[in-house]
Amino acid sequence: MLIIGEKLSIIAKRVREAMMKKDKGPIQEIATRQWKEGSGMIDANIGPAEDGGEELMQWMVTTIQEVVPLPICLDTTNANAIEAGLKVHNNQWGRPLINSTSNDPERFPILELGAKYNAQVIGLTVGKGGLPADAEERAGIAAEIMARAMEYGLPLEDIYLDPLVLQIATSQDHARHVINAISMFREMNDPPMKTVVGLSNISNGCPKTLRPILNKHYFVMLLNAGLTAAIADAHEMAEAVQEKKMIDDVLSGKTLDNAEKMAEITKTIDVIMGKTLYAHSYLEM
Amino acid sequence: MAFVAPKETYSGKVYNVNIGTGDKAISFGSENVLPFHSFEGAVPNKPLIAYEIQDVPPSDWPENVQKPYSSVSGDPVTWAKFCQDSLNAKAIALRLLGTHPDRENRSPEDAAKTVKDVLAAINIPLIILGSNHAEKDAPVLIAAAEVAKDKNCVIGKAQEANYKTIAAAAMANNHKLIAMSELDINLSKQLNILITQMGFDKERLITDPMCSALGYGLEYTYSVMERIRLAALTQNDLTMQPPMLADVGMYVWKIKETQAPESDVPQWGNAEERGIAWEAMTATALLMAGAELLIMRHPKAVEAVGKVIEELNA
């Protein structure tokens, strides 16, 4: 399992300020912490980065790799910024990952970049027509992305398919569609296709205390479906791995001695699987 | 072999809510099947339609729906009696619109007096609604709930921003309570949870997922209602088992299709018939989605929907 550290994102205020001031300190501190917590790659999310994206991505890649011997996940919609990042990426610590292409023709040049720079590419299973309705639609889009990748000379082994995790608070049914999609993606090639998710989006919009609980349970359930990689909080995922046995026990029908834990796990699994309707206070019911 | 129609069985049941006092008290909800599926289980009560009146003259209503009330709507007491005695209303919904700060900004005491006078004039159940101004509704509905103590009214609407005070007032004065959220099933469930966590009995709640008119987002209301009812029946979700309200009249009679005169849009036909049909269609759609309590305006639309209810229950 590859954890791609999620913390260097322009959405976080501290990171955004450091990016704007080109202040290496916070960036390197956060990158180092994620590496020590078990991340095998660092996500550098610079947003749409329409102005100065190329320079910003290069600065991020070199700043991170100065202190952390890991490859970078180049996360932006700006293809020029991605290419700029690929040019300075230190491949001695692993191959970079591009986040992302999709089935939208505007995103096809990303595949070309992947082939040209020997990078791996995330294929987000959305098209131009909006969000996929279920696992089957995601698999349909995945097949098109795979065909397109071959056309551009990118090996299927270098594609990570991303079924697009949505917020459980507003799109509850998608939680289980994404789990199903992971299993379906794997069957679409031999060896199985690699898969990745932006994990914490599942709990986006949920109360703070609930977020780690949902993230961890969802992670375990996705692992069981065969997930290869997750853009996530490495510290939280290390905890999830420790709690996995308990969650798996409940999933297989066993009763835990700890009644409180048992209730928490059961209720959370039921919400993820759509057996009970989500509400912010679902654990209190 | 003879054909046997497949039947669904459900694990949950909608709560029975009884409102009013004496012989005119009435119940709705209580079914353990989808709307009108009496061939699959028990449907003890019919959906209830309440006539909407307000504390100030309905100058904000289109003329075609003002007309049936033109001789009575100057005074809420006369208006209420007219609905009860001449239109055979089974319930009345009194909207305290005049308390809205952008309207007459009437005080909670004024509103309470109107409620008291209307209650004294009728013997059918009363639904007491604020002006949908979250801040002002709190003191208005507290005063209204107190003056209507033990009359087993419905008080509404409690929303995320004001539910604590309104729910406490409904609880202290033995009323039922409408909990309204804005077209989001998860927030609807959350509000019901928060209200019951205050100690309010979930069997005294009515869920309002927020109404919308045909052509103006009805499908969103329909979908949320349908999913609420399915959660109640198929998942036995206790928080989603209160009956549901469709506050039809106020949403229908503010859209272009119920207002534009025939002279402006001849291809749309007679404006009065059009408005009545629009209200009846919207209400009927929401009955299919699972609404058990409707608030409506035009007597002919009420009559038409009443007929649908009778026929589907037959």
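Below, read A as the first sequence line, B as the second, and so on, with proteins coming before strands; counting in each chain starts at 1. As the structure is a prediction and not an experimental result, all values here were calculated from the model.
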CD-NZ distance between B/Gln235 and A/Lys275, expressed to the nearest 0.5 angstrom: 10.5 Å
NE2/A/His235: more than 12 non-hydrogen atoms of other groups inside 6.0 Å: no
A quick test of your reading: do over 12 heavy atoms of other residues, nucleotides or ligands sit less than 6.0 Å from CD of A/Glu50? no
Residues of residues 136-146 of chain A with any heavy atom under 4.5 Å of a heavy atom in chain B: none
Identify, with sequence neighbours excluded, every residue that meets ring pair (Phe, Tyr, Trp, His ring centres under 6.0 Å) alongside A/Tyr282. A/Tyr278
From B/Gln190 CD over to A/Met285 CE, what is the distance, rounded to the nearest 0.5 angstrom? 9.5 Å
State, with a plain yes or no, whether a side-chain heavy atom of A/His280 is found less than 4.5 Å away from one of B/Leu187. yes
Tell me, yes or no, whether the heavy-atom count around B/Lys136 atom NZ, taken from other residues, nucleotides or ligands under 6.0 Å, exceeds 12. yes
Only counting residues at least two apart or in another chain, list the ones meeting ring pair (Phe, Tyr, Trp, His ring centres under 6.0 Å) with A/His174. A/His177
If you count the non-hydrogen atoms of other residues, nucleotides and ligands that lie under 6.0 Å from CD in B/Glu160, is the total more than 12? no
Exceeds 12 heavy-atom contacts within 6.0 angstrom, atom CD of A/Glu284: yes
State the CG-OG1 distance between B/Asn236 and A/Thr276, to the nearest 0.5 angstrom. 12.0 Å
For atom CD of B/Gln197, decide whether the heavy atoms of other residues, nucleotides or ligands shown that lie under 6.0 angstrom number more than 12. yes
The interface call for B/Ile228 against chain A, heavy-atom contacts under 4.5 Å, is neither
Chain A contact via B/Thr239 - side chain, backbone, both or neither, heavy atoms under 4.5 Å: side chain
State the CD-CZ distance between A/Gln172 and B/Arg227, to the nearest 0.5 angstrom. 9.0 Å
Just wondering, more than 12 heavy atoms not from B/Lys149 lying within 6.0 Å of its NZ? yes
In residues 180-187 of chain A, which residues are in contact with chain B at a heavy-atom separation under 4.5 Å? none
B/Asn186 CG to A/Ser171 OG distance, which is reported to the nearest 0.5 Å: 9.0 Å
